[in-house]
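Any value given below was found using the heavy atoms of this structure, including those in side chains, with hydrogens, waters and symmetry copies removed. Bear in mind the structure is a predicted one, so any value in this text is a computation, not a measurement.
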Amino acid sequence: MKQWLREQVARAYQRLLRREGDGGPSHVAIIQDGNRRYARERGDEATEGYDAGARTTEQVLEWCQDLGVKELTLYAFSTENFKRPPEQREKLYDLLEEKLTSIADNDRIHENGVAIRAIGETGRLPDRVREAIRYAEDRTAGYDSFRLNVALAYGGRNELLRAARDVLEDVEAGELDPAAIDTDLVDDRLYGREVRDVDLIIRTGGDERTSNFLPWHANGNEAAAYFCAPYWPEFSKTDFLRGIRTYQSRERSWQRTRRERAAAIVRAVAETELAEARTVAGRLREKLPGTAAPELDAELDGSTAESAD
């Protein structure tokens, strides 16, 4: 009975969060932290935590599509993961190979038009993982309803450095005019394909840092950030909806700030123009017939009233 009641309360809370999250983000990026700690606290091998985390990943993909998110980026394997013990790395490689293949073969992926893409220094990964990447990308290349980016062998600084070197080489070779360098060109050099600016970064596991994840598309867009305590295998739909609400709250705050700034600018311009108008009117009074003064005053009064409105 208690379990049933808890489930009913959780569903009601999720409905509330979902209503509050209308107008949510287009691109969500997730740092999936806590797999090993989850396993350790249960007395399991670290590799079992990765298996549990993979199941959460499949659920999150469904939640995104259900809530209207158009793009999801998952931090699946960072450049720091290369420093882990060989047995852990091999387990991660096996898991990546298996999940990339199984997701690419999933009927729902094809029904929902999901394009799977890998970002990062994938050339550093074993052949079997690179082959799974090619398989997943090729099988879903024709879709554009939803994008699933999997960050593999990824590091934000390395990403920017690689793009900068690529641009410099073309400039030195005379193949690129420095004046032609803009955000679209940098976007293309980063991934070789379009990636939306990140609206929301979620990190599980309790750490409150973004770990240099997607600096160009997240920091440059001043993305909202949601940090939560549950380890990745424990991450629930309620947690996800709370993240959506964090983004929504940030957006409302930004919109309010923009409105206030715009109003302040309008007031400042209006006050300046009216002050100049009164100065000009004062000078004109000296040169115009006395009967013209009331007309000038009426014009200024009308402008002042419009400004106040």
> More than 12 non-hydrogen atoms from neighbouring residues, nucleotides or ligands closer than 6.0 Å to CD on Glu45, yes or no?
Replying inline: no
> Does a sphere of radius 6.0 Å around CZ in Arg165 hold more than 12 heavy atoms from other residues, nucleotides or ligands, not counting ones at 6.0 Å or beyond?
Replying inline: no
> Taking all non-hydrogen atoms of both residues, which atom of Gly155 and which atom of Tyr75 are closest, and how far apart?
Replying inline: CA-OH, 4.3 Å
> How far apart are the closest heavy atoms of Thr122 and Arg130, and which atoms are they?
Replying inline: O-CD, 3.2 Å
Keeping [X] on the side-chain end and [Y] on the backbone end, is there a donor-acceptor pair under 3.5 Å?
{"X": "Gln88", "Y": "Pro85", "value": "no"}
{"X": "Tyr154", "Y": "Phe213", "value": "no"}
{"X": "Asp207", "Y": "Arg209", "value": "no"}
{"X": "Asn106", "Y": "Arg108", "value": "yes"}
{"X": "Asp182", "Y": "Asp184", "value": "yes"}
{"X": "Asp170", "Y": "Glu175", "value": "no"}

Are [Y] and [X] linked, directly or through intermediate hydrophobic residues, by side-chain heavy-atom contacts shorter than 4.5 Å (ILVMFWY only)?
{"X": "Leu176", "Y": "Leu168", "result": "no"}
{"X": "Trp232", "Y": "Val28", "result": "yes"}
{"X": "Leu100", "Y": "Tyr143", "result": "no"}
{"X": "Leu61", "Y": "Phe77", "result": "yes"}
{"X": "Leu200", "Y": "Phe227", "result": "no"}

> Only one of Asn35, Thr57, Thr204 clears side chain to side chain contact (heavy atoms under 4.5 Å, CB included) with Pro233; which?
Replying inline: Asn35
Hey, are [X] and [Y] close enough for a salt bridge, meaning a charged N less than 4.0 Å from a carboxylate O?
{"X": "Glu90", "Y": "Arg128", "result": "yes"}
{"X": "Lys99", "Y": "Glu58", "result": "yes"}
{"X": "Glu80", "Y": "Lys83", "result": "yes"}

Taking the side chain as everything from C-beta on, heavy atoms only, tell me whether [X] gets closer than 4.5 Å to [Y].
{"X": "Ile133", "Y": "Leu125", "answer": "yes"}
{"X": "Gln32", "Y": "Val60", "answer": "no"}
{"X": "Asp187", "Y": "Trp216", "answer": "yes"}
{"X": "Glu159", "Y": "Leu190", "answer": "yes"}

> Between Phe82 and Tyr93, what is the ring plane arrangement, given parallel below 30°, perpendicular above 60°, and tilted in between?
Replying inline: tilted
> What orientation do Phe240 and Trp63 show, parallel under 30°, tilted 30 to 60°, or perpendicular over 60°?
Replying inline: tilted
[atom2] on [Y] to [atom1] on [X], rounded to 0.5 Å:
{"X": "Gln59", "Y": "Cys64", "atom1": "CD", "atom2": "SG", "answer": "12.0 Å"}
{"X": "Phe146", "Y": "Lys70", "atom1": "CZ", "atom2": "NZ", "answer": "9.0 Å"}
{"X": "Glu121", "Y": "Leu152", "atom1": "CD", "atom2": "CG", "answer": "11.5 Å"}
{"X": "Thr79", "Y": "Arg124", "atom1": "OG1", "atom2": "CZ", "answer": "6.5 Å"}
{"X": "Asp94", "Y": "Arg89", "atom1": "CG", "atom2": "CZ", "answer": "12.5 Å"}
{"X": "Ile116", "Y": "Glu137", "atom1": "CD1", "atom2": "CD", "answer": "9.0 Å"}

> Just one of Thr140, Asp105, Thr101 clears the side-chain hydrogen bond (donor to acceptor under 3.5 Å, both in side chains) bar with Tyr135, so which one?
Replying inline: Asp105
>> Testing His27, Arg117, Arg196 one by one against Thr73 for a side-chain hydrogen bond (donor to acceptor under 3.5 Å, both in side chains), which residue passes?
In response: His27
>> We want to know whether Ser236 and Asp239 form a side-chain donor-acceptor pair, criterion being a heavy-atom distance below 3.5 angstrom.
In response: yes
> What residues, two or more places apart in sequence or in another chain, satisfy side-chain contact (heavy atoms from CB on, under 4.5 Å) together with Lys91?
Replying inline: Thr47, Tyr50, Asp51
>> Could you walk me through whether Glu71 and His217 satisfy the side-chain contact (heavy atoms from CB on, under 4.5 Å) test, starting with their C-alpha distance in whole Å, then the side-chain angles of each, then the deciding distance to 0.1 Å, before giving a yes or no?
In response: CA-CA 12 Å; Glu71 190 158 357; His217 288 90; over 6 Å; no
> Does the cation-pi check pass for Arg42 over Tyr38, that is, NZ or CZ under 6.0 Å from the six-membered ring centre and within 45° of its axis?
Replying inline: yes
